[in-house]
Undergrad: 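Supplied in structure tokens, the structure appears directly below.
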Amino acid sequence: MSFYLYDSVKKDKLEFKSIKENEATIYVCGPTVYDDAHLGHARSALSFDMLKRTLKALGYKVTLAKNFTDIDDKIINKLANSNKTLEELTQYYIDRYLEDMSALGVERADVEPKATESIDAIESMINRLLESDCAYKIDNGDIYFDTSKDSKYGSISHMVTEDEQNISRIEANSQKRNPKDFALWKACEQKDVCFNSKVGMGRPGWHIECSAMIEKIFEGDENYCIDIHCGGADLLFPHHENEAAQTRCALNKEIAKYWVHNGFVQIDGEKMSKSLGNSFFLKDALKIYDGELLRYYLISVNYRNDFNFNEVDLLNSKKRLDKLYRLKKRLYGGKVGQVNKEFKNTLIEAMSDDLNSSKAMAIVDEMITSANDSLDKEPKNRALKQEILANIKFINELLGIGAKDAIEWFQQGVSSEDKAKIEELIEQRAQAKKEKNFAKADSIRDELTAMNIAIMDLADGTKWEKL
RNA sequence: GGCGGCAUAGCCAAGUGGCUAAGGCAGGAGCCUGCAAAGCUCUGAUCCCCGGUUCGAAUCCGGGUGCCGCCUCCA
């Protein structure tokens with residue numbers, strides 16, 4: 001089966017042809033670890049988690065690297081107001097990031113390089129750029145990349161123009177050869193946030209770390225370092241433009257064969273920001289909503305589109321995901337059989353079309369309806385039940401949803417005392433029903449409703465769910 | 001100022017030249033049920049506006065209008 005991916009540099013949906021047959025190499029620009037992860041980080045991580053899962057389902061051996069930028073101006077600023085070391089501070093946020101992403105079902109990357117642990121690769125690349133005069137050092141020790149040395153500069157973002165007016169906001173520095181030149185290395189004096197390297201005392205610029213890490217981690221071929229380079233839409237310029245330029249000048253090849261960018265998350269139609277006070281940290285969202293639900297909600301929209309996060313839509317997603325778990329609950333404790341091949345292929349096919357998760361979810365919904373219908377007609381068909389459970393298992397492999405215990409799913413946040421009380425009330429109601437005392441049965445149901453508990457009388461007894 | 005994206009039923013959202021425009025939520029009708037809930041069945045849009053290309057366009061081109069993003073750290 002062919003895999004198609006929208007390349008945001010070529011602006012076209014292309015058939016994926018990996019550098020090495022049946023192997024796929026992916027690099028994702030990860031977070032700068034100076035604060036907790038927000039919904040935007042989640043969306044990025046989820047997009048490329050789906051990419052990895054889909055390629056694996058198609059039979060590729062996937063290697064995904066996601067970096068942590070653990071040295072940067074904002075980290076240094078934060079350090080000034082804390083009594084932690086650089087490593088303590090960044091490791092704290094790395095752990096927080098991984099914890100939050102784990103709650104969303106994001107698989108760990110195969111390689112997780114840190115900038116501070118890649119100084120050797122960075123200084124090596126900077127040295128080569130200096131030797132070939134693609135980079136130059138100015139009086140204060142800063143090292144800049146000379147964008148005029150890269151004839152293809154601008155080919156990634158299509159953002160570079162000759163018009164001087166457009167670049168008025170770029171850092172003014174009289175020693176820079178070209179206004180667009182960017183820092184590869186920032187000289188500094190403070191020892192606690194600087195590294196002693198062959199290119200001087202200082203710290204790496206943001207862009208060089210990705211180029212250097214990719215060179216260090218992946219082999220590539222004579223034309224490309226990796227198959228797919230991923231990141232948020234905002235990274236296209238200047239970050240990815242600069243990465244591409246550095247790699248071209250240092251290695252004489254392109255950094256990536258395909259470029260994939262995910263769209264932004266807005267909250268209630270407004271850009272996320274601390275000043276707006278819209279709760280945008282993942283940890284806050286996870287206090288209220290289940291991680292799997294957030295995952296399901298966030299992947300319900302194509303990864304390239306902007307995403308407008310709001311509670312109404314989130315609760316709609318909850319109802320939709322509940323249907324999957326209700327089906328799973330219907331088959332509770334049953335054996336998992338063989339997945340339906342047609343279902344599996346249709347689902348992979350949807351994801352193979354530029355990760356069309358919306359379509360994949362529609363296919364899941366159709367499977368749920370058809371499965372419920374079949375179960376209504378043939379409640380004792382064991383083979384059918386086993387196949388449906390296998391289908392649900394495959395949904396989890398590909399989309400990362402539906403793996404939880406179906407009973408627990410509907411009882412999240414209910415204490416064991418409340419559970420006992422609910423069971424007791426249901427028992428009393430069953431007795432009242434048996435005696436045809438419907439008034440009493442209904443009043444017990446009202447009592448449960450007041451506790452936010454919904455009940456449903458099924459063939460095999462009364463089941464309850466937390467609303 | 002420069003570059004780019006988006007606009008599909010009450011809401012969310014697939015679909016990028018051609019069968020009756022996916023799917024979900026909400027709403028309506030029915031089956032089932034002591035009544036409900038759950039589940040199942042049926043039910044809704046000609047695709048922001050104008051013009052063009054074409055036998056044929058939501059889908060391509062041009063022009064509007066509106067919203068958003070990037071150009072400075074940012075997923």
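By convention in this document, chain letters (A, B, ...) are assigned in the order of the sequence lines, proteins followed by strands, and residues within each chain are numbered from 1.
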Undergrad: Under 4.0 Å between any heavy atoms, over every strand shown, what does A:Arg445 touch: base, sugar-phosphate, or nothing? Just pick one.
TA: base

Undergrad: With sugar-phosphate meaning primed atoms plus P, OP1 and OP2, does A:Asp442 contact a base, only sugar-phosphate, or nothing at under 4.0 Å between heavy atoms?
TA: base

Undergrad: Between the main-chain N or O of A:His261 and the side-chain N or O of A:Arg304, is there a donor-acceptor pair closer than 3.5 Å?
TA: no

Undergrad: How many Å lie between OH on A:Tyr4 and P on B:U16, as a whole number?
TA: 13 Å

Undergrad: Just checking A:Ile455: base, sugar-phosphate only, or nothing, at a heavy-atom cut-off of under 4.0 Å?
TA: base

Undergrad: For a 4.5 angstrom cut-off between non-hydrogen side-chain atoms, does A:Ile455 reach A:Arg429?
TA: yes

Undergrad: List, with names and distances, any nitrogen or oxygen atoms from the protein found under 3.5 Å away from nitrogen or oxygen atoms belonging to nucleotides 12-14 of chain B.
TA:
unit_1: B:A14; atom_1: OP1; unit_2: A:Asn302; atom_2: N; d: 2.8
unit_1: B:A14; atom_1: OP1; unit_2: A:Asn305; atom_2: ND2; d: 3.1
unit_1: B:A14; atom_1: OP2; unit_2: A:Asn305; atom_2: ND2; d: 3.4
unit_1: B:A14; atom_1: O5'; unit_2: A:Ser358; atom_2: OG; d: 3.3
unit_1: B:A14; atom_1: O3'; unit_2: A:Asn356; atom_2: ND2; d: 3.1

Undergrad: P atom, B:C25 versus B:G39: distance in rounded Å?
TA: 8 Å

Undergrad: Within the 4.5 Å heavy-atom criterion, are A:Asn391 and A:Glu387 side-chain neighbours or not?
TA: yes

Undergrad: Closest to the A:Leu235 side chain: B:C73, B:G69, B:A75?
TA: B:A75

Undergrad: Take the protein atom CG of A:Asp457 and the nucleotide atom P of B:A37, then report the distance between them rounded to whole Å.
TA: 12 Å

Undergrad: Please give the nucleotide sitting opposite B:G69 as a Watson-Crick or G-U wobble pair, both distances under 3.5 Å, or none.
TA: B:C3

Undergrad: Using purine N1 to pyrimidine N3 plus N6-O4 or O6-N4 for Watson-Crick, or N1-O2 and O6-N3 for G-U wobble, both under 3.5 Å, which nucleotide pairs with B:A9?
TA: none

Undergrad: Rounded to the nearest angstrom, tell me the gap between atom NZ in A:Lys433 and atom C1' in B:U33.
TA: 9 Å

Undergrad: Checking A:Lys84 against A:Tyr92: charged group under 6.0 Å from the ring centre and within 45 degrees of the axis?
TA: yes

Undergrad: With the side chain of A:Phe264 defined as its heavy atoms from C-beta on, choose the nearest nucleotide among B:G4, B:C70, B:A36.
TA: B:C70

Undergrad: Grab the CG-C1' distance between A:Leu458 and B:C32 for me, whole Å please.
TA: 12 Å

Undergrad: Just checking A:His239: base, sugar-phosphate only, or nothing, at a heavy-atom cut-off of under 4.0 Å?
TA: nothing

Undergrad: Find the partner of B:C48: check Watson-Crick (N1-N3 plus N6-O4 or O6-N4) and G-U wobble (N1-O2, O6-N3) distances, both under 3.5 Å, and reply none if neither fits.
TA: B:G64

Undergrad: Taking atom NZ as the centre, does A:Lys419 end up with more than 12 heavy-atom neighbours from other residues, nucleotides or ligands that are less than 6.0 angstrom away?
TA: yes

Undergrad: Suppose we define a pair by two distances each less than 3.5 Å, Watson-Crick or G-U wobble; what does B:G30 pair with here?
TA: B:C40

Undergrad: With a 4.0 Å cut-off on heavy atoms, is A:Ser47 in touch with a base, just the backbone sugar-phosphate, or nothing at all?
TA: nothing

Undergrad: Scan A:Ser317 against the nucleic acid and name what it touches under 4.0 Å (heavy atoms): base, sugar-phosphate only, or nothing.
TA: nothing

Undergrad: Heavy atoms under 4.0 Å, any strand shown: does A:Gly232 hit a base, just sugar-phosphate, or nothing?
TA: sugar-phosphate

Undergrad: Determine whether A:Asn381 and A:Ser374 make a side-chain contact, defined as any pair of heavy atoms from C-beta on separated by less than 4.5 Å.
TA: no

Undergrad: Using Watson-Crick or G-U wobble geometry with both distances below 3.5 Å, tell me the partner of B:G56, or none.
TA: none

Undergrad: By nearest heavy atom, map A:Ala233 and A:Ile368 onto RNA chain B; which one lands nearer the 5' end?
TA: A:Ile368

Undergrad: Using only modelled atom types and a 3.5 angstrom limit, is any donor from either the side chain of A:Arg326 or the base of B:A38 paired with an acceptor on the other?
TA: no

Undergrad: Under 4.0 Å between any heavy atoms, over every strand shown, what does A:Glu465 touch: base, sugar-phosphate, or nothing? Just pick one.
TA: nothing

Undergrad: What is the distance, to the nearest angstrom, from the CG atom on A:Asp181 to the P atom on B:U72?
TA: 14 Å

Undergrad: Taking the six-membered ring for Trp, are A:Tyr297 and A:Phe307 ring centroids under 6.0 Å apart?
TA: yes

Undergrad: Stepwise, does the side-chain contact (heavy atoms from CB on, under 4.5 Å) test hold for A:Phe281 with A:Asp100?
TA: CA-CA 10 Å; A:Phe281 283 126; A:Asp100 288 346; over 6 Å; no

Undergrad: For A:Glu349 and B:A22, what is the distance between atoms CD and P respectively, to the nearest whole Å?
TA: 18 Å

Undergrad: Just to be sure I understand the rule, does A:Asn262 reach a base, reach only the sugar-phosphate, or reach nothing, if contact means heavy atoms closer than 4.0 Å?
TA: base

Undergrad: Nearest whole Å is fine: how far is B:U33 P from A:Phe438 CZ?
TA: 13 Å

Undergrad: On the side chain of A:Lys319, is there an atom forming a donor-acceptor pair with the base of B:C25 - under 3.5 Å, no angle test?
TA: no

Undergrad: Please give the distance between the C1' atoms of B:A13 and B:G2 as a whole number of Å.
TA: 33 Å

Undergrad: Distance check needed: B:C35 C1' versus A:Met456 CE, whole Å only.
TA: 15 Å

Undergrad: Have a look at A:Val28 and say if it touches a base, only the backbone sugar-phosphate, or nothing, with a 4.0 Å heavy-atom cut-off.
TA: nothing

Undergrad: Is there a side-chain contact between A:Lys323 and the phosphate of B:G23, meaning an N or O under 4.0 Å from OP1 or OP2?
TA: no

Undergrad: Are A:Lys329 and A:Phe410 in a cation-pi contact, defined as NZ or CZ under 6.0 Å from the six-membered ring centre and within 45° of the axis?
TA: yes

Undergrad: Take atom P in B:C12 and the same atom in B:C68, then report the distance between them in whole Å.
TA: 15 Å

Undergrad: How about A:Phe394 and A:Phe343: are their ring centres within less than 6.0 Å of each other?
TA: no

Undergrad: Of the nucleotides B:A75, B:C71, B:G24, which one has an atom closest to the side chain of A:Thr32?
TA: B:A75

Undergrad: For RNA chain B, whose closest nucleotide is more 5', that of A:Ser44 or that of A:Ala441?
TA: A:Ala441

Undergrad: With a 4.0 Å limit, can you tell me whether A:Ser157 has a side-chain N or O closer than that to the phosphate oxygens OP1/OP2 of B:C71?
TA: no

